[in-house]
Structures are given as structure tokens and as C-alpha cells.
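Reading through the C-alpha cells given below for one structure.
Naming: A, B, ... by sequence-line order, numbering from 1 per chain.
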Protein chains: 2
Amino acid sequence: MAKKPGTRMTKQRQAILDVLKSTTSHPTADWIYEEVRKIIPNVSLGTIYRNLSILKEMGEIMELDFGSTYSRFDGNPVNHYHFCCTKCNQVIDLDIDIFDTIDQDVSQATGHIVNRHRLEFYGICKDCQKDD
Amino acid sequence: MAKKPGTRMTKQRQAILDVLKSTTSHPTADWIYEEVRKIIPNVSLGTIYRNLSILKEMGEIMELDFGSTYSRFDGNPVNHYHFCCTKCNQVIDLDIDIFDTIDQDVSQATGHIVNRHRLEFYGICKDCQKDD
DNA sequence: TTATAATTAGTAATCGTTATTAATACTAAT
DNA sequence: ATTAGTATTAATAACGATTACTAATTATAA
């Protein structure tokens, strides 16, 4: 873990990271807040947001936004693609290969420097197809 | 234009649509508000939001969200990809071919019904590379 | 025209997120 | 150990984009 000098790994920050690393459910800040409260009952919501921001800066986690009014967070910082169910709003990791040359392709074609890309699919998940 | 029975094309709605169709700059609701005010000075911001929502529902426009706290809107409802400059926050249309079979591919591989996908690239745009 | 319901302007409320502040707790140097 | 310095915290207030509400207006079809 790349530790910037001066940063401390507090029990709050560790708990937030642990919660995020232990799920693949792309939780919201509020869900993380509730989970961390089970470990540190008087943790503050502001602490959740501040640390999520710091952990993102550190490259430990990713922030996702899928057209909702709120963000979701992903404990896996390595690029991967997502499927979003427009019915139940579940976000599912996709196990498909990354287009690893596409950034360079776009860069050459356009002249913009491309650092990363994101790809998302929208539709109805397997579960939601059952209950129709 | 697919017109749902009961919906009216008011001058406000028409103005909002005109403003959006006449730019490729992916404006915010607030920018659209300022532009429409030049035509209808006492138009309300709530009217902007309500109509953007309705026009999106009608398939006339698209709503974009790029990790900001606000949405951007696109007068071109046909799927296309975007480049977002992380320095100046400009959003640029990309003239690259759509992966038109990828939705089916993911659908078959996962069992989820895939209706659409979005692909975005992030980096430093041509303009911002100059002023370093 | 007229009746009906969609739409509007204006404004208040909502809600996710961010900023503020005084208190706390690491960390390193004495 | 004791201190000084500073990152971090809990609690709470503030913020800003968006949405909801309401009475008045206006497009549309009969």
C-alpha cells in the first residue's frame, strides 16, 4: 500500500477500507457508514466521506457514478467493467477482458492524452428477469 | 418526434430542445437555463429540469454524468462515446465506431439483458496540453 | 368556445456531500 | 517519558444541484 508521508492509518480509515475490500457489492457511502458503525459505533459520516476521498486519492479504491444522485464505491482499484440493473439498481462486476489498447488508439486518433476509460452496460439483471 | 398522447409542445419545451440541439458542448442544466432565459426571460429553473427529464423520457436527449455533482445533457440521443478532460472538465464527442455487438456479447456471456452501454475516456485534452 | 388537464413560475424543501471547528491522538524529536 | 507539531476525528452547519409543491396559466381536443 502506497503510503504518502504524513498520512496515518487510523482505525476509522482501516475499518472503512476493510468494509470495502470485503464486499463486491459497490456500496454507497451511507451503507459503508452503517457497516463501520457496527465496529466503531460513534464514527461520523463526515469521516466516511473524507476517508473515501483520501483512499480514492491513494488509489486504494474507486468511486463509481451511475446516473444516480449518489456515488458508489468499489474496493477493487484495478479497472474492470460493470453491469447496472435499471430495475433493482444492483451493480455487478463483469468478468470480461479489458480493452487495453483502446486508450492509446483514441489518443492517437484525437490528440488528447487518454489516461483511462470506463465502460458500463445497462439492462435487466438475471434475478430481475425472474420476477415479471 | 414520438409524441406521447397528452403531452404538449410548449414554447418553453421547444426552446429547451432548440438550445440543446444547437450545441455540441454538453451543457449543464444551469447553462441551458441561462440560454433559454435569453428567449423566455422569466422561465423557471424548475421548468428546465422538468422538461429535461421529460425530453429524456421521450428519447430526444441524453443525460450524462461524469463524476461531477451535476449532470450534463446531450442533444444527440444516438449512442456515441465521450472524452472528458480532467483539467478543464470539457466533454468532447468522439468520432469512433460504436461497438454494436458488444451488448449482445455481454448478454450471452452473463445472462443479463443488456439494453445499452456507455464508454468514456478520461485524460488531458489537446487544448490543455498547450498551457503547461 | 369551452372544458379539461398539462404545464408553468415561483418558491420551499430535500438530500448527498463538503466545510468548519474545537477536541483528540499519532508521530518524531528532545 | 515529555513535549511540540500536525493529522485526524466527531459533531454539526452549510452548500448546491435537483425535486416537490401550489395556485395561476395555457395548449389541445371536442
Using a cut-off of 4.0 Å on non-hydrogen atoms, how would the nucleic acid contact of Ser71(A) be classed: base, sugar-phosphate, or nothing?
sugar-phosphate
Test of understanding: with side chain to side chain donor-acceptor pair (under 3.5 Å), list the residues that count as partners of Lys56(A), not counting sequence neighbours.
Glu63(A)
What is the distance from CG of Leu55(B) to P of dA6(C), rounded to the nearest Å?
17 Å
Taking OP1 and OP2 of dA17(D), is either one under 4.0 Å from a side-chain nitrogen or oxygen of Tyr70(B)?
no
How is Thr28(B) classified with respect to the nucleic acid when contacts are heavy atoms under 4.0 Å: base, sugar-phosphate, or nothing?
nothing
Above 12 or not: heavy atoms from other molecules or residues under 6.0 Å from CD of Glu34(A)?
yes
Side-chain donor/acceptor pairs under 3.5 Å, residues 35-45 of chain A, sequence neighbours excluded:
| unit_1 | atom_1 | unit_2 | atom_2 | d |
| --- | --- | --- | --- | --- |
| Glu35(A) | OE2 | Lys38(A) | NZ | 3.0 |
| Ser44(A) | OG | Gly46(A) | N | 3.2 |

In whole angstroms, how far is the P atom of dT8(D) from the CG atom of Leu17(A)?
14 Å
Here the distance between atom C1' of dA6(C) and atom CZ of Arg13(B), to the nearest Å, is 8 Å
Rounding to an integer number of Å, can you tell me how far Glu57(B) CD sits from dA6(C) C1'?
16 Å
Criterion side-chain contact (heavy atoms from CB on, under 4.5 Å) on Ile32(B) and Phe73(B), from CA distance to verdict:
CA-CA 9 Å; Ile32(B) 296 166; Phe73(B) 295 87; 4.2 Å; yes
Mind running side chain to side chain donor-acceptor pair (under 3.5 Å) on Thr47(A) and Arg50(A) for me, showing each step along the way?
CA-CA 5 Å; Thr47(A) 298; Arg50(A) 188 167 17 78; 3.2 Å; yes
With five pairs defining each end axis, the helix from dT1(C)-dA30(D) to dT30(C)-dA1(D) comes out bent, to 10°, by 40°
Are the side chain of Thr86(A) and the backbone N or O of Gly123(A) linked by a donor-acceptor pair below 3.5 Å?
yes
Are there any protein N/O atoms within less than 3.5 Å of an N/O atom in nucleotides 10-12 of chain D, and if so, which ones and at what distance?
| unit_1 | atom_1 | unit_2 | atom_2 | d |
| --- | --- | --- | --- | --- |
| dA10(D) | OP1 | Gln12(A) | NE2 | 3.4 |
| dA10(D) | OP2 | Ser44(A) | N | 3.2 |
| dA10(D) | OP2 | Thr47(A) | OG1 | 2.4 |
| dA11(D) | OP2 | Asn42(A) | O | 3.4 |
| dA11(D) | N7 | Ser44(A) | OG | 3.1 |

Interatomic distance where CD1 belongs to Ile54(A) and P belongs to dA19(C) [whole Å]
12 Å
Parallel under 30°, tilted from 30 to 60°, perpendicular over 60°: which one fits the rings of His82(B) and His26(B)?
perpendicular
Can you see which heavy atom on Thr23(A) is nearest to which on Val19(A), and at what distance?
CG2-O, 3.4 Å
Can a side chain N or O of Thr10(A) be found less than 4.0 Å away from OP1 or OP2 on dC26(C)?
no
Which other residues belong to the hydrophobic cluster containing Met62(A), where Ile, Leu, Val, Met, Phe, Trp and Tyr are joined when side-chain heavy atoms lie under 4.5 Å apart, directly or via other members?
Leu64(A), Phe66(A), Val91(A), Tyr122(A)
More 5' along DNA chain C: Lys11(B) or Thr69(B), using each one's nearest nucleotide?
Lys11(B)
His80(A) versus Val78(A), closest heavy-atom pair with distance
ND1-O, 2.7 Å
Answer yes or no: does a side-chain N or O of Thr7(B) lie under 4.0 Å from OP1 or OP2 of dA6(C)?
no
For Tyr33(B) and dT8(C), give me the distance from atom OH to atom P, rounded to whole Å.
14 Å
So, OP1 or OP2 of dT17(C): does either fall under 4.0 Å of a side-chain N or O from Tyr49(A)?
yes
Applying the side-chain contact (heavy atoms from CB on, under 4.5 Å) test to His112(B), which of Cys125(A), Cys84(A), Cys85(A) qualifies?
Cys125(A)
Using a cut-off of 4.0 Å on non-hydrogen atoms, how would the nucleic acid contact of Asn51(B) be classed: base, sugar-phosphate, or nothing?
sugar-phosphate
d(CZ, Arg37(B); C1', dT8(C)) in whole Å:
16 Å
Rounded to the Å, how far apart are Trp31(B) CH2 and dG16(D) P?
22 Å
Is Asp65(A) salt-bridged to Arg118(A), going by a charged N under 4.0 Å from an acidic O?
yes
Protein N or O to nucleotides 1-6 of chain D N or O, pairs below 3.5 Å:
| unit_1 | atom_1 | unit_2 | atom_2 | d |
| --- | --- | --- | --- | --- |
| dT6(D) | O2 | Arg8(A) | NH2 | 3.1 |

